[in-house]
Number of protein chains: 2
Amino acid sequence: MFKLSKKADYGLIAMKHLANHRQQHACSASEIAEEYGISATLMAKVLQKLARQSLVTAKHGSTGGYQLAKAPEKVSALEVITAIDGPVLITSCVTTHGNCDATERCSIKEPLRRVNESILSVLSTVTIAQLTEETPEPALVELKGMERLAVTG
Amino acid sequence: MFKLSKKADYGLIAMKHLANHRQQHACSASEIAEEYGISATLMAKVLQKLARQSLVTAKHGSTGGYQLAKAPEKVSALEVITAIDGPVLITSCVTTHGNCDATERCSIKEPLRRVNESILSVLSTVTIAQLTEETPEPALVELKGMERLAVTG
DNA sequence: TTTATATCCGACTGATTTGGTCTTACTCTA
DNA sequence: TAGAGTAAGACCAAATCAGTCGGATATAAA
């Protein structure tokens, strides 16, 4: 398939929640989990990963919880996704070091890499602050040559 | 994760191969499979799916094989991918009918749907004909507001 | 200092998906 | 008619993923 893992989903939801409660107290994992009907331990695990990548700060102790480490306008969706799922690579051929077992034979590696970069750009353009239902801007990207093709999906 | 299935990969490779041998005879599944070091039966399966979606035409008999049903400039990568893997949906929340189990609580459904559409646009812009190593155009898409953010990946 | 609360971390399990194979039937060409 | 090839579905094994559990650690309050 071609989709985010549920953990990445939860990560985005959590980040959005923290952004909304930025001014207030730190939010505990169970508090966020309860609000969206997600297992508390699973949400904790997701938040731990985000903390390890310094996207959120964890505060220990009885009044502890999580808070955003940066302003929500400074955090992209891509950062959250890679923090949880690792690097975003659309094909097995396109790895970080750029090789697959059929490097010489595979004829579409380079063009797919470019497609991959385009998708990275889309994801890095979207910030946590923009993840609201009432985003004013309807289109996030404008495609070159879009008039040639209609979106078939 | 966030990547294409190998079958979709193989589908793109096969389509590209058929595009390159367009003028010549029809290519059998085993011929393509051998060239790229892929199992023949697996490649056959992939090609069968493509044939069912009318992306390629199958010719039976001893001189049979597969041929492109349309010009390579008229077939987008998105068509090939959806033919093999089904509809492209980046999150579990974003389904074709548009619901998940936490519809009311989930606060990022609509923005993610827009991100999804952007990715669909990217994939639908790329054609089989463009899947060559020596594509003249370096950038496939141009992003609105890209100057605000650098690609972190 | 003790106790309660909360995060942290790694190991573990069960279910789902996916890559890949095999078998059988069908279709066309020579 | 025989051979080459496709068509289609069942089938298996490996990898991945969602979600859980338990213990360790750090903080705050009594």
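Chain A is the first sequence line, chain B the second, and so forth, proteins listed ahead of strands; every chain is numbered from 1. Keep in mind that the numbers below use all heavy atoms, side chains included, and drop hydrogens, waters and symmetry copies.
Protein atom CD1 of B:Ile32 is 13 Å distant from nucleotide atom C1' of D:dT6, rounded to whole Å. Whole-Å rounding puts the A:Glu31 CD to C:dT7 C1' distance at 14 Å. Per the geometry, CG belonging to A:Leu50 stands 14 Å off C1' belonging to C:dT7, to the nearest Å. Rounded to whole Å, the distance from NZ on A:Lys45 to P on C:dC8 is 14 Å. One interatomic measurement links the two molecules: NZ of B:Lys6 to P of D:dT16, which rounds to 10 Å at whole-angstrom precision. Atom-to-atom, CZ of A:Arg52 to P of C:dT7 comes out at 15 Å; the value is rounded to the nearest Å. Summarising the geometry, the separation between CG on B:Leu42 and P on C:dT23 is reported as 17 Å, rounded to the nearest angstrom. Taking atom CD on A:Gln53 and atom C1' on C:dC9, their separation rounds to 15 Å, with Å as the unit.
Look at B:Glu79 and B:Lys74 and you find no salt bridge, because none of the NZ, NE, NH1 or NH2 atoms lies under 4.0 Å from a carboxylate O.
Of the two residues contacting DNA chain C, namely A:Leu47 and B:Lys59, the nearest-nucleotide position lying further toward the 5' end is that of A:Leu47. Across the interface with DNA chain D, nearest-nucleotide mapping of A:His60 and A:Ala8 shows A:Ala8 to be the residue nearer the 5′ end.
Between A:Lys49 and A:Ala83, the shortest heavy-atom contact is CD-O, 4.1 Å.
Distance check: A:Lys59 NZ to A:Ser28 OG gives 12.5 Å after rounding to the nearest 0.5 Å.
Between B:Leu112 and A:Val126, every side-chain heavy-atom pair lies at or beyond the 4.5 Å cut-off.
If you check D:dT6, C:dT21, C:dT29 against the side chain of B:Ala29, the one that comes closest is D:dT6. Checking D:dT6, D:dG19, D:dA29 against the side-chain heavy atoms of A:Thr63 singles out D:dA29 as nearest.
Within the 4.0 Å cut-off from OP1 or OP2 of D:dT20, at least one side-chain nitrogen or oxygen of A:Ser39 is found. Close to D:dT20, at under 4.0 Å from its OP1 or OP2, lies a side-chain N or O of A:Thr41. Between A:Tyr10 and D:dG19, a side-chain N or O to OP1/OP2 separation shorter than 4.0 Å is present.
Tested against A:Leu68 for a side chain to side chain contact (heavy atoms under 4.5 Å, CB included), the candidates A:Leu55, A:Val75, A:Leu50, A:Val56 yield a single pass: A:Val56.
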